[in-house]
Asks: 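After the structure tokens below, expect a handful of questions from me.
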Amino acid sequence: MFALVDCNSFYASCERVFRPDLEKRPVVVLSNNDGCVVALSKEAKSLGIKMCDPWFKIKKDYKQQGGIAFSSNYELYADISSRIMDILEQLAPRIEIYSIDEAFLDLSGIDSCVNLDAFGHQCLMTIKKWTGMPVSVGIGPTKTLAKVASYGAKKYPQTKGVVDLSSKERQKKLLKLMPVEEVWGVGRKLHQHLNKIGVTNAYQLAQLDLNYIRKRFNVVLAKTARELRGEVCIDLEEQPSTKKQIVVSRTFSRRVTDLNLLNEAVSDYAARAAVKLRREKQTCKLLSVFIRTNPFRKQDTQHREIFSVPFILPTNDSRDLIKAAREGMSQIFRKDLQYNKAGIMLSDFYDEGVYQLDLFNPQERKELDKNLMGLIDKVNTTNLGPITFLAQGIKKEWSMKREMQSPRYTTNWNDLLKVN
DNA sequence: TCTGGGGTCCTAGGACCC
DNA sequence: TCTGGGGTCCTAGGACCC
């Protein structure tokens, strides 16, 4: 048996924890650059606001209706998330942290000694009491059914936030009520195709012939159908698997035509990616750089391109990555175009310390470089930092806008909440 | 004026091998 | 006219997730 513990409107709820005056008010959180809505409270939903709505389009009406908006504050969200995950670790023997706001719990063992519905409420109340965050709990024999249960727990207030789908009858009842596009693994395209063959709810999907699904669609959807029937196909993954790629990309605060500024931006992203790569204790053999113009501006000449730079020896040295990023940029940059986004991608990973010996690059040098990077990373965790590379730029004219950000209540002494 | 960021998995097709 | 069979590896693109 699995439980899915899922925070309600996670980012919006985080903002409310330290602003109780916002309870019952519409709250939305915006993406980087205050671009579009990425999280919204129930009250904001009932004003007709949708996920991904561009902020500039809804801003005026929304504010008039008493809504409040925040720029995203990832430092705050990450900290609240880790507090919630710590609590869940105490409540269940095995958990899988699935995303910043969700975790699957393995309930085997627990299900034989306590009532599962009661256990769900215990999780919900403990998290509410210790962090102030509202969550829903869905319980089912497979992960996909736990997701279904969580859908029910959010959708129907009479469940008080917990749905237990242990029984076949309850599964059947809820699956029939659930639109097929709400199923975990069914996105926009599959939704359209399924509708075309007359499948509109989750129950119908579960009843389809598996061979037919494999032939007409693919093996992944067949797996989803089996999970909906109660057959475990997706296991709990306790250890986060090592990453296969690292991406750092940003939309600029304004359109950029200057190669120097683009170089600055990708150098900055490369340096950030290098830190992530070293945190994973990995090295990479490939760095790709990409840029694109604003696809929404139909009047502009469009250009998007990606260029990959291989390394002879795998590396996680910031200087190598920055150099490669600039090299790549010089290959794809075109004069007189208005770029609005750039990014870099690292791939082809190797464990740190596993590399072919190189005649021209003696071992001692490598150790020295490694120590240097380690030292920089260490300094940057203290308030002596940050140490950055000049290539990353100083003014960062291209960097994003976040005009409505809340304080970092839990991670910065200066932002600590004051009580008068 | 203003439209996010970071991931994974699967498949088809091409290049290449014997 | 008629041009094998079986395999692997890599890449790009599509679909999905949060």
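What you see is a predicted model, and the numbers here were worked out from it, not measured in a lab. Residue numbers begin at 1 in each chain, while the letters A, B, ... track the order of the sequences.
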Asks: One thing to verify: whether A:E352 and A:K281 come together as a salt bridge, which I'm taking to mean a side-chain N less than 4.0 angstrom from a carboxylate O.
Replies: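 Looking at A:K281 and A:E352, the cut-off is not met.
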Asks: Could you measure between the two P atoms, the one in B:dT3 and the one in C:dC18, and give it in whole Å?
Replies: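 To the nearest whole Å, 25 Å.
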Asks: Indicate for each nucleotide in nucleotides 9-18 of chain C, in 5' to 3' sequence, whether protein heavy atoms under 4.0 Å reach the base (B), only the sugar-phosphate (S), or nothing (-).
Replies: ------SSSS
Asks: Got a list of side-chain donor-acceptor pairs under 3.5 Å for residues 44-61 of chain A, not counting sequence neighbours?
Replies:
residue: A:S46; atom: OG; partner: A:K42; partner atom: O; Å: 3.4
residue: A:S46; atom: OG; partner: A:E43; partner atom: O; Å: 2.9
residue: A:D53; atom: OD2; partner: A:K50; partner atom: N; Å: 2.8

Asks: Assess whether a salt bridge exists between A:D415 and A:R408, defined as any Lys/Arg side-chain N lying under 4.0 Å from an Asp/Glu carboxylate O.
Replies: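 Yes, charged N to carboxylate O under 4.0 Å.
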Asks: Please check if the number of heavy atoms outside A:K173 that lie under 6.0 Å from its NZ is greater than 12.
Replies: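 Open.
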Asks: Sequence neighbours left out, what passes side chain to side chain donor-acceptor pair (under 3.5 Å) with A:R83? Give chain and number order.
Replies: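 With neighbours one apart ignored, the set is A:D79.
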Asks: Can you pull out every salt bridge (charged side-chain N to carboxylate O under 4.0 Å, His left out) where at least one residue sits in residues 320-329 of chain A? Sequence neighbours excluded, please.
Replies: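 Listed once each, the pairs would be none.
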Asks: In whole Å, I'd like the distance from the NZ atom of A:K59 to the P atom of B:dC2.
Replies: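 It works out to 13 Å between those atoms.
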Asks: Can you pull the ring-ring contact (aromatic ring centres under 6.0 Å, His included) pairs that have at least one residue in residues 187-225 of chain A, sequence neighbours excluded?
Replies: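 Qualifying pairs, neighbours excluded: none.
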Asks: Mind checking what makes salt bridge (charged side-chain N to carboxylate O under 4.0 Å, His left out) contact with A:R278, not counting sequence neighbours?
Replies: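 A:R278 satisfies salt bridge (charged side-chain N to carboxylate O under 4.0 Å, His left out) with A:D377 only.
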Asks: Please tell me which of A:R255 and A:T242 maps to the more 5' nucleotide of DNA chain B, matching each residue to the nucleotide holding its nearest heavy atom.
Replies: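 Nearest-nucleotide comparison on DNA chain B picks A:R255.
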Asks: Can you sort out the partners of A:Q302 under side chain to side chain donor-acceptor pair (under 3.5 Å), two or more places apart, ordered by chain and number?
Replies: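 Partners of A:Q302 by the side chain to side chain donor-acceptor pair (under 3.5 Å) criterion, ordered by chain and then number, come out as A:T293.
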Asks: Which pairs, with at least one residue in residues 128-139 of chain A and sequence neighbours excluded, count as a side-chain hydrogen bond (donor to acceptor under 3.5 Å, both in side chains)?
Replies: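 side-chain hydrogen bond (donor to acceptor under 3.5 Å, both in side chains) check on residues 128-139 of chain A returns A:N8-A:S136.
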Asks: Between the protein and nucleotides 3-7 of chain B, list the N/O to N/O atom pairs that are separated by less than 3.5 angstrom.
Replies:
residue: B:dG4; atom: O4'; partner: A:S31; partner atom: OG; Å: 2.8
residue: B:dG5; atom: OP1; partner: A:T251; partner atom: N; Å: 2.5
residue: B:dG5; atom: OP2; partner: A:T251; partner atom: N; Å: 3.4
residue: B:dG5; atom: OP2; partner: A:T251; partner atom: OG1; Å: 2.7
residue: B:dG5; atom: OP2; partner: A:K341; partner atom: NZ; Å: 3.2
residue: B:dG5; atom: O3'; partner: A:R250; partner atom: NH1; Å: 3.4
residue: B:dG6; atom: OP1; partner: A:R250; partner atom: NH1; Å: 2.9
residue: B:dG6; atom: OP2; partner: A:S249; partner atom: N; Å: 2.6
residue: B:dG6; atom: OP2; partner: A:S249; partner atom: O; Å: 3.0
residue: B:dG6; atom: OP2; partner: A:S249; partner atom: OG; Å: 2.8
residue: B:dG7; atom: OP2; partner: A:V247; partner atom: N; Å: 2.6

Asks: Does the pair A:K147/A:E102 count as a salt bridge with the N-to-O cut at 4.0 Å?
Replies: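 A salt bridge is present here (some side-chain N lies under 4.0 Å from a carboxylate O).
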Asks: What parts of residues 205-225 of chain A reach DNA chain B, counting only heavy atoms under 4.0 Å away?
Replies: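 Under 4.0 Å from DNA chain B: A:V219, A:V220.
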Asks: Mind checking which stems touch DNA chain B? I mean at least 3 consecutive Watson-Crick or G-U pairs, both distances under 3.5 Å.
Replies: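 As far as DNA chain B goes, consecutive pairing (with distances under 3.5 Å) yields the stems B:5-18 with C:5-18.
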Asks: Test of understanding: with side chain to side chain donor-acceptor pair (under 3.5 Å), list the residues that count as partners of A:S330, not counting sequence neighbours.
Replies: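 By the side chain to side chain donor-acceptor pair (under 3.5 Å) rule, A:S330 matches no residue at all.
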Asks: In terms of side-chain geometry, is the basic nitrogen of A:E397 or A:R254 positioned less than 4.0 Å from the acidic oxygen of its partner?
Replies: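 Yes, this pair counts.
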